[in-house]
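First the structure, in the form of C-alpha cells, and then the observations on it.
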There are 2 protein chains.
Amino acid sequence: MNNSVTLKDIAKALNLSISTISKSLNDSHEISTDTKKLVLDYAQKHHYLPNRMAKGLKEGKSRSIGVVVCSLENNFAAQMLDGIDSASTDKSYQIIIMQSKESQKQERACIELLYAGGVDGILISPACETVDFSYLQSLQDSGLPVVLFDRLSDEIETHKVGADNFKGAYDATVHLIKNGYKSIAHLNTNTILNIATERLNGYKQALEEYKLPYRADFLRSCDYTDTKKLNADLEESIKYYMSLKKRPDAILTSTDQISTRCLALLNKLGYKIPEDIALIGFTNTDLADAFNPPLTTVHQPAFEIGQLAASKLISLIEKKSQEPEYETILLDTTIQVRASTRARK
Amino acid sequence: MNNSVTLKDIAKALNLSISTISKSLNDSHEISTDTKKLVLDYAQKHHYLPNRMAKGLKEGKSRSIGVVVCSLENNFAAQMLDGIDSASTDKSYQIIIMQSKESQKQERACIELLYAGGVDGILISPACETVDFSYLQSLQDSGLPVVLFDRLSDEIETHKVGADNFKGAYDATVHLIKNGYKSIAHLNTNTILNIATERLNGYKQALEEYKLPYRADFLRSCDYTDTKKLNADLEESIKYYMSLKKRPDAILTSTDQISTRCLALLNKLGYKIPEDIALIGFTNTDLADAFNPPLTTVHQPAFEIGQLAASKLISLIEKKSQEPEYETILLDTTIQVRASTRARK
DNA sequence: CTGTTAGCGCGTTCAA
DNA sequence: TTGAACGCGCTAACAG
C-alpha cells in the first residue's frame with residue numbers, strides 16, 4: 001500500500017484525538033464547526049484519502065462488487081461491463097472484473113477469489129460450459145447477493161437481467177419471412193445455455209405462425225468454446241446447407257461470433273448476400289455497416305442490461321433485511337435492417 | 001463483506017490459538033506436522049479463505065493493481081486488458097479497471113480512487129485529453145509504481161510499453177507505395193498524443209525515402225473525443241480529398257475507429273476500394289476480413305503490450321529497493337494484407 | 001463537544 | 001511447539 005496520510009497523522013499534527021478527526025471528516029454533528037473546518041482544511045491540503053481496506057475491514061463491507069464474464073475481449077461483454085461500471089460508479093461501488101474464458105473451472109476460481117476478496121456481491125454471466133450452480137447457490141445462501149445477467153439459468157433463484165431472446169429470434173425470423181424468404185436456416189451454439197434454446201424457440205414460433213415447416217436439417221449447432229473449432233464447424237455447416245437439394249434462402253445466426261464469421265465465410269466461399277442467401281444475426285458490433293454487405297442485426301441492449309443488473313445487485317446489497325422477491329427482467333431487442341436481408345424479388 | 005470462516009473460528013473449533021492457526025496455514029516451521037495437518041484439513045473442509053482486506057491492511061499491500069484505460073468498449077483496450085489480466089493473474093494480483101472516457105478530469109478521479117483503494121501500483125494508458133502528468137508524477141515520487149502503456153508520454157519518467165507506431169506507419173506507407181500508390185493521404189487524430197505524431201512521422205519518413213512529396217493538404221486531423229464529431233469530421237475530410245484536383249489514390253488511417261468508420265463512409269459515398277481509393281488502417285479488429293472489401297490493417301500486439309506492461313509494473317512493485325533503470329519498450333506491428341490495398345494496375 | 005477504548009481479521013514479535 | 005499481545009487504519013459505543 002501507499003504511504004498516504006492517515007487519521008493518526010492528522011491527529012498528531014493537529015493535537016487532537018483520532019476519533020475527533022474521524023468524526024469531523026464524516027461530518028458528525030457532535031463536532032464544533034471550528035474544529036471541523038480545521039480538520040477538513042488540513043485533510044484537503046495533505047490529500048487525505050480514507051484507506052479503503054481499513055474501512056472495509058471495519059465495516060464488514062468493501063463497497064466493491066465482483067463481475068464474472070466470459071472474456072474482456074468479447075465486444076458484447078465489454079458493452080455490458082460499461083453499463084455495470086456506469087451504475088456502480090454512480091453508487092460509488094468499485095468493480096472487480098474476472099474472466100471465465102468459458103471454463104467452468106476457471107469461473108469457480110474467479111468466484112472464490114472474489115469471495116475471498118471481500119466483495120459485497122457478485123454479478124455473473126455464466127460460462128457456456130457451466131452446468132453446476134451449487135457453489136454460487138451456497139454463497140447466496142450464506143448471504144452474498146448474486147445477480148445473473150445476459151446468460152440466465154433456471155438452476156439458481158435470484159434476480160436475473162437479460163435480453164428477450166425469444167422475441168429477438170421471433171422478430172428476426174418474421175423480418176425474413178416478410179421480406180420474401182421462405183426457407184430459413186438457423187445456426188446456433190452447441191451450448192446448454194438458455195439463450196440458445198430461447199432463440200431456437202422464437203425461430204420455431206415464427207415459422208409456425210407463418211405456416212412454414214420446421215426442418216431439422218436447417219438447424220445446425222456449432223462448437224462455441226474454441227474459435228478455430230467454431231470456424232471449422234461454421235464452414236462445414238454452410239457447405240452442408242448449400243449442398244442440400246432444397247437449400248435455405250436465408251440464415252438466422254444466434255451469436256456475435258457466429259454472425260460475423262458466417263458473413264465472412266459466405267463471402268470467402270463466393271456466395272452473394274442476399275441474392276444467394278440472406279443473413280440476419282444477433283450481434284452488437286458497431287461495424288455492421290462496414291461489412292460486405294452491411295449486415296442486418298438483432299441488437300441487444302447490452303449497456304442497459306449491465307446497468308440494470310448492477311442496480312439490482314446494489315439494491316440487494318443495501319437492504320439485505322427484507323426477503324427479496326426475485327425477478328427476471330428481459331429487455332427488448334431491436335432489428336437493425338441493412339442490406340443483407342434486402343427484400344427478395 | 002461475507003460471513004466466511006476466519007482464523008478465530010478455526011481456533012475456537014480446534015481449541016487452539018489464533019496465531020497457531022495462522023502459522024499452520026502459512027506453513028511455518030515452528031508448528032508440528034500433526035497440528036498443521038489438523039488445521040489444514042479443517043480449513044479445507046470449511047473453505048477457509050484469508051480475508052484480503054485484513055491481510056492487505058496488515059501487510060501494507062493489497063496485491064492489487066489499478067488499470068486506467070479510455071474505455072472498456074474500445075476493442076483495442078479490451079485486448080490489452082486481457083493481456084494485463086493474464087500477467088496479473090499469473091502472479092496472483094487482482095486488477096481493478098477504471099475508465100477515463102478520454103476525460104482528464106475523470107482520469108484524475110480514477111487515479112485517486114485507485115490510490116485510496118490501496119492498489120500496489122498503477123497501469124495507465126492516458127486519456128487523449130491529458131496534458132498534465134504532475135499528479136501521477138507526485139504519486140510515483142511518493143513511492144507508488146506507475147507504468148504507462150500504449151499511449152506513452154514524455155511528461156513522466158517510468159517504464160513505458162507500447163507499439164512501434166513510427167515503424168507501423170512507415171511500413172504501411174511503404175506497402176502502399178510498393179503496390180503502386182503514389183498520392184497517399186493520412187487521416188489522423190487531433191490529439192497531442194505521441195502515438196499520433198509518431199505515426200505521422202513514420203508516414204513522412206516513407207514518403208521521403210521514396211521521393212514522394214509531402215503534401216500538407218493530404219493530412220487531416222479529426223476530433224477524437226466524440227463519436228458523432230469524429231464521423232462528421234471524417235466525412236468532411238473524405239469529401240475534401242475527393243474534391244481535390246490532384247486527389248489521393250490511397251489513405252492511411254491512424255486509429256481503430258478512424259479506420260473502420262472511414263471504410264464505412266467510403267462505401268456510403270459510393271467509392272470503390274481500392275479502385276477509386278485504397279485504404280490501410282491501424283486497427284486490431286478481427287472482423288477486417290468481413291469488411292467490404294477486406295481491410296488491410298496495421299496490427300498492434302495489444303495482448304503482449306498489456307502483458308509486458310503488467311509484468312514490468314509487478315517487478316517494480318516487488319523490488320522497490322533498487323533505483324530502477326526505466327525503459328521504454330516498443331513492440332513490433334505487422335501489416336496484414338487484404339483486398340483494400342490490392343496492387344494498382 | 002472531545003477523548004478513550006474496543007474490535008474488524010490478520011501476521012508477527014516475544015514469552016511460556 | 002504453542003499462545004498472548006500488539007498494531008495495521010478505521011468507526012462506534014461510551015465516558016468525560
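Since we're looking at a predicted model, the values are computed, not measured. Below, each value reflects all heavy atoms present in this structure, side chains not excepted, and no hydrogens, waters or symmetry copies.
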Among residues two or more places apart or on two chains, list those pairs meeting salt bridge (Lys or Arg N to Asp or Glu O under 4.0 Å) that have a residue in residues 95-104 of chain B.
-> A:Asp82-B:Lys101, B:Glu102-B:Arg151
In chain order, what residues pass the side chain to side chain donor-acceptor pair (under 3.5 Å) check against B:Thr35, with sequence neighbours excluded?
-> B:Ser32
Report the residues that fulfil side chain to side chain donor-acceptor pair (under 3.5 Å) with A:Ser134, sequence neighbours left out, ordered by chain and then residue number.
-> A:Asp132
All pairs passing salt bridge (Lys or Arg N to Asp or Glu O under 4.0 Å) where residues 39-54 of chain A contributes a residue, at least two apart = A:Lys37-A:Asp41
Answer yes or no: side-chain N or O of B:Thr20 and base N or O of D:dT1 forming a donor-acceptor pair under 3.5 Å.
-> no
Under a 4.0 Å heavy-atom cut-off, which of residues 6-16 of chain A touch DNA chain C?
-> A:Leu16
N or O in side chain of A:Ser22 less than 4.0 angstrom from D:dA12 OP1/OP2 = no
In chain order, what residues pass the ring-ring contact (aromatic ring centres under 6.0 Å, His included) check against B:Tyr42, with sequence neighbours excluded?
-> B:His46
B:Lys55: partners by salt bridge (charged side-chain N to carboxylate O under 4.0 Å, His left out), with sequence neighbours left out | none
When rounded to whole Å, the CD1 to P distance for the pair A:Ile18 and D:dG9 reads 9 Å
Report yes if some heavy atom in the side chain of A:Met53 is under 4.5 Å from a heavy atom in the side chain of B:Ser62; otherwise report no.
-> yes
Using a cut-off of strictly less than 4.0 Å, decide whether A:Asn26 has a side-chain nitrogen or oxygen near OP1 or OP2 of D:dT11.
-> yes
Short side-chain N/O contact to D:dG9 OP1/OP2 from A:Tyr48, under 4.0 Å | no
Could you list all N or O pairs between the protein and nucleotides 14-16 of chain D that sit under 3.5 Å apart?
none

Can you name the salt bridge (charged side-chain N to carboxylate O under 4.0 Å, His left out) partners of B:Glu112, sequence neighbours left out?
-> B:Arg108
In degrees rounded to 10°, what angle is found between the helical axes fit to the five outermost pairs at each end of the helix from C:dC1-D:dG16 to C:dA16-D:dT1?
-> 50°
Not counting sequence neighbours, which residues clear ring-ring contact (aromatic ring centres under 6.0 Å, His included) with A:Tyr135? List them please.
-> none
Answer with base, sugar-phosphate or nothing: what part of the nucleic acid does B:Ser19 contact at a heavy-atom distance below 4.0 Å?
-> base
Those residues at least two apart in sequence (or on a different chain) that pass side chain to side chain donor-acceptor pair (under 3.5 Å) with B:Thr20 are B:Ser17
Could you check B:Tyr326 against B:His159 for side chain to side chain contact (heavy atoms under 4.5 Å, CB included), going step by step and ending with a plain yes or no?
-> CA-CA 5 Å; B:Tyr326 289 131; B:His159 284 319; 4.0 Å; yes
Would one find a side-chain N or O of A:Thr35 under 4.0 angstrom from OP1 or OP2 of C:dT2?
-> yes
